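Model, not experiment: these values are computed from the prediction. In the text below, chain A, chain B and the rest are named by the order of the sequence lines, each starting its count at 1.
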Amino acid sequence: MEASDDAEAEYAAFKQKVKKTVYIDNLSPLATDAVVKTALGQFGNVLNVQFIPNYIGPSNMPAAALVEMENERQAMKIIEETADFPFMISGMPRPVRALPAEMEMFDERPRRPGRTIQCQWLEEKDPDFEVAQEIKYLVKKHATEASHLLKQQLAEEEKLHNKHGETLKANHKKYELIDRVLADGSARKLGNCYNIKLQDN
Amino acid sequence: MAMVEADDVSNLEFSWGKKRGVGGKKKEVQFYESFTYDGVDYNLYDSVYMLKEGEPEHYIGKLIKIWENGDKTKKVKVQWFFQPSEILGWLGDMRVLENEIFLATGEGVGLANVNPLEAIAGKCNVVCTSKDSRNRQPSEEELKLADYIFYRTFDVGLCTILDKMDEKVGGTEVRFVFNKEESEAACAVPGHIPDENKEKKCAVVCNGTQQIPKETAPVESKSLITNGDNDQSMAINDVKDVTVKGEYSTDLKSVVTAVESNCLSTTIEEPASLLGKEVSGSKAGAVKDEFEMATDTKVKAEKRPQPANFSSDTEEKPAKKAKKDDVIKSSVDKSRNDTQKLISRGNDVKAMSTAADAPAENAKSGHDVLIRQEKDKPSKQGKVDCSSKEKTINKTEKDNSKWFRQTPFEDRFKTAQKDGTTLMLHNLDPEYVSGEVEEIIWHSFKEYCSAKMVQGTKISTPHSGQAIVIFKTREGTQKVMTKLIEGCLMLPNGRPLVCSTPSTFPGKQTTFYGHLVLDNKTQAQRGKKDAVSTSHCSQPNTIEYDMAMEWCLLQARSDSWWKGLHKQQGEELRKLKATLKSK
């Protein structure tokens with residue numbers, strides 16, 4: 001069975017590829033594959049960057065990508081480093097997240113050798129028909145739950161985003177104020193007033 | 001028939017070139033080495049485009065025989081090139097160059113066909129890039145000019161792709177397969193497309209069926225039949241040829257359709273009954289089956305002698321037949337070794353799906369004939385009918401919309417959403433690949449579709465996979481949807497298939513929460529300008545680091561929500577599935 005050996009080999013090769021691939025998400029739309037490639041290039045040799053297309057989720061979902069490294073060690077290194085230090089790509093302060101890739105994340109993947117799919121239509125009289133309909137209902141419910149949670153998550157992210165925006169603005173104001181008092185001499189005047197020697201820098 | 005063709009040709013410039021030899025019982029068949037047609041010189045072993053009915057694309061083939069029959073009909077025998085889309089199922093994830101095609105080799109259906117010379121649509125510049133020492137390596141110039149390149153062959157019998165060539169490739173000597181010694185290729189006129197008139201009147205392959213029963217079959221006739229009035233006369237011949245004993249209505253067109261569609265339906269229903277089975281469609285069929293087939297075929301192929309050379313005595317027949325107006329009793333056996341270029345084309349697929357439920361009466365008659373024809377097939381091919389009949393899902397057709405240069409999925413999805421021809425499938429095993437989903441749909445609904453498993457992310461549920469499916473027609477989509485809602489299609493492991501209409505395509509990622517931008521002046525002041533445009537690890541003791549930590553915290557919280565949700569959902573599913581009586 002030469003052909004089946006081929007399929008086995010192909011599947012094994014794919015598994016290997018999965019192992020040396022890193023899943024990166026929380027990416028900004030500004031991060032192109034060139035950007036990601038450069039960003040992760042410092043951890044090893046990036047072979048391939050592929051974005052996971054978002055066909056069904058909301059449009060404000062962060063992007064995710066699969067980054068294939070030269071070997072498993074390099075892939076592991078990315079995952080470890082980004083876990084230890086927040087790693088920014090194309091913006092801040094939200095770090096990206098790197099995790100080991102999984103088979104289901106890949107677009108083009110070989111089928112598992114030897115798998116046969118048998119499907120059958122259930123008759124209405126079938127004792128399982130009712131249960132199956134319930135499962136169908138449950139599956140739909142779960143999908144709704146998931147999309148609801150996703151919405152929640154995005155709302156939380158938006159909140160944090162806005163909060164950070166405020167913080168940054170406040171900080172910015174503070175720095176500007178300091179800059180100003182230093183520039184227009186009021187800092188020195190105050191220093192003289194309180195007998196504190198201020199040094200220009 | 002001869003008259004008709006004579007008419008056609010009179011519109012176009014044609015002249016024979018160098019003669020080769022004669023054949024046939026009465027020496028009435030004249031073989032040629034070259035000819036000029038519509039201002040283009042053709043030589044033996046040139047690559048040409050062949051007309052394909054109703055399609056802007058053309059088949060590509062190599063002229064391996066050129067001759068004129070006693071009745072002045074001009075014929076060419078063409079060894080086919082396969083486009084990757086036609087053999088997709090066997091390519092796997094093999095890398096294919098953008099303009100790469102595969103020369104047919106081996107023995108069996110799809111290797112070569114006899115066509116009327118008028119079906120030639122123009123010259124095609126195919127350059128062989130095989131590294132074989134016998135092959136004259138093409139220059140850069142030639143490569144640039146090439147319409148297509150090839151260096152691999154596709155064995156139609158074994159359904160394998162080979163990159164080595166023996167002394168003969170599908171009966172053609174290898175030196176004719178490689179690039180010609182003198183750089184003729186470069187001066188070939190590529191992409192000569194015939195004018196409408198010619199296309200319309202262009203003769204039909206049906207002739208081939210009569211002429212060389214060993215080489216052609218009705219299915220091929222179908223694929224090359226052109227529109228136009230001329231069809232009728234040819235259609236008669238075709239039908240007669242196929243028919244063993246049959247009376248046909250005067251509505252020739254419908255007869256033709258019937259025969260055509262039934263050729264196809266036969267192929268669907270008896271996929272294992274002819275050698276062409278694999279070729280006919282189960283490209284993406286159950287892997288296991290194919291392997292068995294392949295092995296079986298292999299064994300036989302080894303035992304088999306070289307393909308019989310084109311025998312001249314068969315060439316006489318068309319002339320005779322064409323003369324008869326009555327129903328012709330055509331020996332089925334005559335056409336048993338039919339080489340059918342069965343590889344499905346877009347048209348075929350459509351015909352197939354209609355054939356599947358077409359109750360038309362004449363459809364039936366055509367059908368029987370074909371089944372008989374196939375059953376009567378002699379030992380060699382009959383035996384190939386191996387034990388692998390439909391053990392598992394076996395998709396028996398394929399569509400050329402899977403052409404590797406097809407429009408990106410995203411675009412097709414958008415269009416399909418507008419047309420209402422797309423569905424979301426839920427509750428699939430996440431491990432399934434897109435091809436398997438297509439098979440499930442084909443097997444359960446006899447609807448052709450193009451599917452795509454939604455790629456998982458860290459937040460997608462581990463319990464079920466989703467797929468986007470694009471159908472050909474709105475009706476088909478509705479049918480599948482109704483069936484899935486009302487009925488219950490059970491997949492392995494207690495997974496009833498669920499469908500829904502996909503939400504609107506989100507389009508480009510619009511906003512992204514988490515990246516803050518200050519105006520340039522401020523960035524410069526704070527010395528963080530570079531930080532925005534490049535990647536970096538955040539350092540503790542910066543405000544950025546604190547914020548990053550907050551993001552990490554939120555991420556950890558979201559993760560725990562998802563984990564909780566998936567756990568709970570899994571539990572619910574498990575409980576419910578436990579109540580299923582059968583697994």
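Heavy-atom pairs under 4.5 Å with chain B were tallied for A:Ala146, A:Pro86, A:Pro127; the largest tally goes to A:Pro86. Annotation: maximal heavy-atom pairing with chain A below 4.5 Å, among B:Pro540, B:Ser558, B:Gly514, occurs at B:Gly514. The candidate with the highest count of non-hydrogen atom pairs below 4.5 Å against chain B, out of A:Phe129, A:Phe14, A:Tyr23, is A:Tyr23.
Taking the six-membered ring for Trp, B:Tyr545 and A:Phe85 have ring centres at least 6.0 Å apart.
Scanning residues 38-48 of chain A against chain B with a 4.5 Å non-hydrogen threshold yields A:Ala39, A:Gln42, sorted by number. Contacts between residues 426-433 of chain B and chain A, defined by a heavy-atom separation under 4.5 Å, are made by B:His426, B:Asn427, B:Pro430, B:Glu431, B:Tyr432, B:Val433. Among the residues in residues 459-468 of chain B, those with a non-hydrogen atom closer than 4.5 angstrom to a non-hydrogen atom of chain A are B:Ile459, B:Gln466, B:Ile468.
For B:Leu491, the parts sitting under 4.5 Å from any heavy atom of chain A are the backbone and the side chain alike. Heavy atoms closer than 4.5 Å to chain B are found in both the backbone and the side chain of A:Lys136. Heavy atoms closer than 4.5 Å to chain B are found in the backbone of A:Pro58, but not in its side chain. Within the 4.5 angstrom heavy-atom criterion, only side-chain atoms of B:Gln555, from C-beta onward, approach chain A. In this structure, the portion of B:Leu565 lying under 4.5 Å from any heavy atom of chain A is its side chain and not its backbone. Heavy atoms closer than 4.5 Å to chain B are found in the side chain of A:Leu138, but not in its backbone. Contact annotation for A:Asn162: neither backbone nor side-chain heavy atoms come within less than 4.5 Å of a heavy atom of chain B. For chain A, no part of B:Arg495 is nearby; none of its heavy atoms comes within less than 4.5 Å.
Side chains of A:Ile135 and B:Leu580 form a contact here, defined as non-hydrogen atoms less than 4.5 Å apart. Residues B:Trp562 and A:Leu150 form a side-chain contact, since some pair of their non-hydrogen atoms from C-beta on lies under 4.5 Å apart. By the 4.5 Å heavy-atom criterion applied to side chains, B:Met453 and A:Arg109 are counted as neighbours. With a 4.5 Å cut-off on side-chain heavy atoms, A:Lys141 and B:Gln569 do not count as touching. For the pair A:Leu168 and B:Met547, the minimum side-chain heavy-atom distance is below 4.5 Å. Inter-residue side-chain proximity for B:Leu489 and A:Gln120 is flagged as unmet; no heavy-atom pair is nearer than 4.5 Å. Counting only heavy atoms from C-beta outward, the side chains of B:Val498 and A:Tyr137 never approach each other to under 4.5 Å. Residues B:Lys452 and A:Asp107 meet the side-chain proximity criterion, which asks for heavy atoms closer than 4.5 Å.
Legend: residues meeting ring pair (Phe, Tyr, Trp, His ring centres under 6.0 Å) with A:Phe51, ordered by chain and number and at least two apart, are absent.
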Check the pair A:Trp121 / B:Cys488 against side chain to side chain contact (heavy atoms under 4.5 Å, CB included), numbers first and verdict last. CA-CA 6 Å; A:Trp121 287 98; B:Cys488 190; 5.6 Å; no

Can you list the steps and then say if A:Leu160 with B:Glu550 is a side chain to side chain contact (heavy atoms under 4.5 Å, CB included)? CA-CA 8 Å; A:Leu160 187 59; B:Glu550 286 187 56; 3.6 Å; yes

Side chain to side chain contact (heavy atoms under 4.5 Å, CB included) assessment of A:Met88 paired with B:Ser538: CA-CA 7 Å; A:Met88 319 281 167; B:Ser538 171; 3.6 Å; yes

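Across all their heavy atoms, A:Ala132 and B:Pro496 have their closest contact at O-CG, 3.4 Å. Nearest heavy-atom pair, B:Cys499 versus A:Lys140, reported as atom, atom and distance to 0.1 Å: O-CE, 3.7 Å. Considering all non-hydrogen atoms of both residues, B:Lys458 and A:Glu102 come closest at NZ-OE2, 2.6 Å. In terms of heavy atoms, B:Gln455 sits closest to A:Met105 at NE2-O, 2.8 Å. Nearest approach of A:Pro93 to B:Trp551, heavy atoms of both residues: O-CD1, 3.9 Å. Taking all atoms of both residues into account, the shortest heavy-atom contact from A:Ser28 to B:Phe512 is CB-CD2, 3.6 Å.
Expressed to the nearest 0.5 Å, how far NE2 of A:His172 lies from CD1 of B:Ile543 amounts to 11.5 Å. To the nearest 0.5 angstrom, A:Gln118 atom CD is 11.5 Å from B:Ile440 atom CD1.
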